Amino acid sequence: MSAGAGSASTELQAESLDAAAPVVELPDAPAEAVGPTATSVLATGSGGSTVPASLAQSVPTEERTVAAASRSEDRTSLTASGCDIMTMPSGSNGNLSQDGLCELWGTGKYVRADAADALTALNEAYKAAWGESMLITDGYRTLASQVSLKGSKGGLAATPGKSEHGWGLAVDLNSATYSPPAKFSWLKENAPKYGWDNPAWARPGGSGAYEPWHWEFTEGVEGRS
């Protein structure tokens with residue numbers, strides 16, 4: 001074979017190999033995600049924000065349920081009483097819905113949830129100081145109960161429909177909780193730190209009857225004014 005023939009053969013082989021080699025195209029690298037994912041938005045969203053329906057639908061139902069439960073647990077864990085302080089009762093004085101009322105540490109007495117939360121914290125401080133819980137004789141009072149009380153106690157009871165008990169914002173304490181002078185002084189000094197106080201009208205020289213047992217959730221009372 002001549003040198004020219006050999007060179008031609010080599011070139012033909014190279015062209016054959018080039019034609020047979022497949023062209024492999026590498027996929028583009030995935031774009032890096034920018035910003036939070038839909039799941040993270042749902043998980044961290046607050047009760048006051050609105051998540052777009054299109055975003056919510058992009059997350060599987062199970063993940064949306066978990067996210068909602070997480071938000072609920074975070075909110076409840078911040079309360080001393082375990083009550084949902086974001087829920088306010090509906091209705092009128094003495095006719096409040098049960099969903100916004102909360103029981104006070106197994107006493108069978110109820111007040112508005114945010115008031116209960118504050119009073120529970122005060123009770124924990126009271127227990128630390130005196131080794132026992134505060135004794136509650138009355139909390140939320142229905143309109144019918146207020147009418148009955150007014151009939152039996154006269155001027156010592158508020159006019160039905162006007163009592164702070166009817167709004168779930170007042171409690172009456174057992175005398176063992178407040179009557180010893182040292183305990184009453186402790187309550188006067190510390191209860192306001194937790195949002196509760198013996199109102200001015202119920203103190204000596206006040207505009208109403210002297211009621212050292214009657215305490216109110218100040219923020220709630222003032223919020224209605």
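Just so you know, these numbers use all the heavy atoms, side chains as well, and skip hydrogens, waters and symmetry mates. Predicted model only: the values in this text are computed from it and were never measured.
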Would you say [X] and [Y] make side-chain contact, with heavy atoms under 4.5 Å?
{"X": "Val171", "Y": "Leu104", "result": "yes"}
{"X": "Met134", "Y": "Leu119", "result": "yes"}
{"X": "Val111", "Y": "Phe217", "result": "no"}

How many angstroms lie between [atom1] in [X] and [atom2] in [Y], if you round to the nearest 0.5 Å?
{"X": "Thr87", "Y": "Leu101", "atom1": "OG1", "atom2": "CG", "value": "11.0 Å"}
{"X": "Trp105", "Y": "Lys127", "atom1": "CH2", "atom2": "NZ", "value": "9.0 Å"}
{"X": "Ser179", "Y": "Asn174", "atom1": "OG", "atom2": "CG", "value": "8.0 Å"}
{"X": "Asp99", "Y": "Cys83", "atom1": "CG", "atom2": "SG", "value": "12.0 Å"}

Q | With Lys193 via salt bridge (Lys or Arg N to Asp or Glu O under 4.0 Å) - residues at least two apart | A | none

Minimal non-hydrogen separation, [X] against [Y], with atom names:
{"X": "Tyr126", "Y": "Ala176", "answer": "OH-O, 4.3 Å"}
{"X": "Glu211", "Y": "Leu156", "answer": "OE2-O, 3.3 Å"}
{"X": "Ala170", "Y": "Glu216", "answer": "CB-CG, 4.0 Å"}
{"X": "Lys150", "Y": "Ala158", "answer": "CD-O, 3.7 Å"}
{"X": "Pro89", "Y": "Arg112", "answer": "CD-CG, 3.5 Å"}
{"X": "His214", "Y": "Pro199", "answer": "O-CD, 3.5 Å"}

Hey, quick one: are [X] and [Y] part of the same hydrophobic cluster, counting side-chain heavy atoms closer than 4.5 Å, chains of contacts allowed?
{"X": "Leu169", "Y": "Met88", "answer": "no"}
{"X": "Leu122", "Y": "Trp213", "answer": "yes"}
{"X": "Leu143", "Y": "Tyr110", "answer": "no"}
{"X": "Val147", "Y": "Tyr140", "answer": "no"}
{"X": "Leu173", "Y": "Tyr210", "answer": "no"}

Q.
Using the side-chain hydrogen bond (donor to acceptor under 3.5 Å, both in side chains) criterion, which residues pair with Ser148? Sequence neighbours excluded.
A. none

Q: Salt-bridge test for Arg203 and Asp197: reply yes if a basic N is under 4.0 Å from a carboxylate O, no otherwise.
A: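 Looking at Asp197 together with Arg203, the answer is yes, because their closest N to O distance falls below 4.0 Å.
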
**Q.** Ion pair Glu132/Lys183, N-O distance below 4.0 Å
**A.** yes

Q.
More than 12 heavy atoms of other residues, nucleotides or ligands under 6.0 Å from NZ of Lys162: yes or no?
A.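 No, not enclosed.
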
Q: Would you sort out whether Leu96 and Trp167 count as a side chain to side chain contact (heavy atoms under 4.5 Å, CB included), showing the intermediate values?
A: CA-CA 7 Å; Leu96 298 181; Trp167 291 115; 4.1 Å; yes

Test item: [X] side-chain N/O and [Y] main-chain N/O as donor-acceptor pair under 3.5 Å:
{"X": "Thr142", "Y": "Ser145", "value": "yes"}
{"X": "Ser90", "Y": "Ser97", "value": "no"}
{"X": "Ser185", "Y": "Ala182", "value": "no"}

Q. When Asp172 is tested against each of Arg141, Lys109, Lys153 for salt bridge (charged side-chain N to carboxylate O under 4.0 Å, His left out), which residue passes?
A.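 One option only clears the test, and that one is Arg141.
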
Q: Apply the test side-chain hydrogen bond (donor to acceptor under 3.5 Å, both in side chains) to residues Thr120 and Asp117: give CA-CA distance (whole Å), side-chain angles for both, the deciding distance (0.1 Å), then the verdict.
A: CA-CA 5 Å; Thr120 298; Asp117 192 60; 5.8 Å; no

Q: Establish, from distance only, whether the side-chain atoms of His165 and Asn93 form a donor-acceptor pair under 3.5 Å.
A: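 No pair is found: no donor N or O on one side chain lies under 3.5 Å from an acceptor on the other.
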
Q. With a 6.0 Å cut-off on ring centres, are Tyr178 and Trp215 close enough?
A. no

